[in-house]
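See structure below.
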Amino acid sequence: SQFVSNIHNTQVVSLQNLVKGLLDLSSLAVGNQNLAGRMEKHNQEMQSLSNRILLLETSLNQERNDNQQIQSKLRELVDINKAYIELSDERKLTELNMYLSRLQSYMQA
């Protein structure tokens, strides 16, 4: 073939440069294959991390909703207790049953 014929007619120094060039090309090809493999692994890791972030965001949103509900209930209990504590001593005695009833109904809700 033309390639083999050209190699036979090439000087030794040029032939050494050709072999060195072929070695460099083969090293680049292997390097590109390794790089492609690393990039694929990197992309898989990024997708896995992205999925984990989505799960954590969902969990965080649920925790925030739960926290808001707990805060609302706590405020209501504070209001019930505060209203009772602010009563005069005489009214505390007369409204004790109402106070306990409000606490009980709220705790059962």
Side-chain angles (χ1 to χ4, degrees):
S1 83
Q2 181 69 33
F3 178 73
V4 174
S5 175
N6 288 344
I7 288 177
H8 286 291
N9 294 330
T10 306
Q11 295 177 351
V12 173
V13 173
S14 295
L15 190 57
Q16 288 173 342
N17 287 339
L18 173 65
V19 170
K20 184 180 179 313
L22 289 173
L23 178 63
D24 290 344
L25 282 174
S26 67
S27 294
L28 286 173
V30 168
N32 283 340
Q33 287 176 348
N34 289 339
L35 180 61
R38 287 194 318 254
M39 287 299 293
E40 178 61 27
K41 183 178 178 184
H42 174 74
N43 287 339
Q44 290 172 351
E45 288 173 354
M46 290 297 291
Q47 183 62 45
S48 176
L49 289 173
S50 180
N51 291 342
R52 177 124 171 93
I53 288 170
L54 287 174
L55 288 172
L56 290 172
E57 285 176 342
T58 301
S59 177
L60 179 60
N61 287 336
Q62 182 61 46
E63 291 292 329
R64 284 180 177 155
N65 288 338
D66 292 348
N67 187 34
Q68 286 176 346
Q69 290 176 351
I70 290 168
Q71 285 180 351
S72 176
K73 287 183 176 189
L74 179 61
R75 276 192 301 271
E76 182 65 28
L77 286 172
V78 167
D79 290 344
I80 291 170
N81 285 299
K82 186 178 178 183
Y84 181 75
I85 289 171
E86 290 176 349
L87 294 174
S88 66
D89 289 341
E90 297 83 27
R91 290 203 53 209
K92 283 181 185 171
L93 288 175
T94 59
E95 301 213 12
L96 180 59
N97 285 335
M98 176 62 83
Y99 166 71
L100 293 174
S101 176
R102 284 183 68 195
L103 283 178
Q104 184 178 14
S105 68
Y106 189 77
M107 297 300 281
Q108 291 174 349

Please round to the nearest 0.5 Å and tell me the distance separating atom NZ of K82 and atom CD1 of I85.
10.0 Å
State yes or no: do M107 and L100 share one hydrophobic cluster built from I, L, V, M, F, W and Y residues joined by side-chain heavy-atom distances below 4.5 Å, directly or via other members?
yes
Between I53 and L60, is there a shared hydrophobic cluster once you connect ILVMFWY residues whose side-chain heavy atoms come closer than 4.5 Å?
no
Considering only residues two or more places apart or on different chains, which pairs with a residue in [range] satisfy side-chain hydrogen bond (donor to acceptor under 3.5 Å, both in side chains)?
range           : result
residues 37-52  : E40-Q44, Q47-N51
residues 61-72  : Q62-D66
residues 93-109 : N81-Y99, R91-E95

Flag yes if more than 12 heavy atoms outside K73 fall under 6.0 Å of its NZ atom; otherwise flag no.
no
Mind checking who shares a hydrophobic cluster with L74, ILVMFWY linked at side-chain heavy-atom distances under 4.5 Å?
V78
Hydrophobic cluster partners of M98 (side-chain heavy atoms under 4.5 Å)
none
May I have all residue pairs that pass ring-ring contact (aromatic ring centres under 6.0 Å, His included) and include part of residues 52-72, sequence neighbours excluded?
none
Please check if the side chain of T58 supplies one atom and the backbone of L54 the other of a donor-acceptor pair under 3.5 Å.
yes
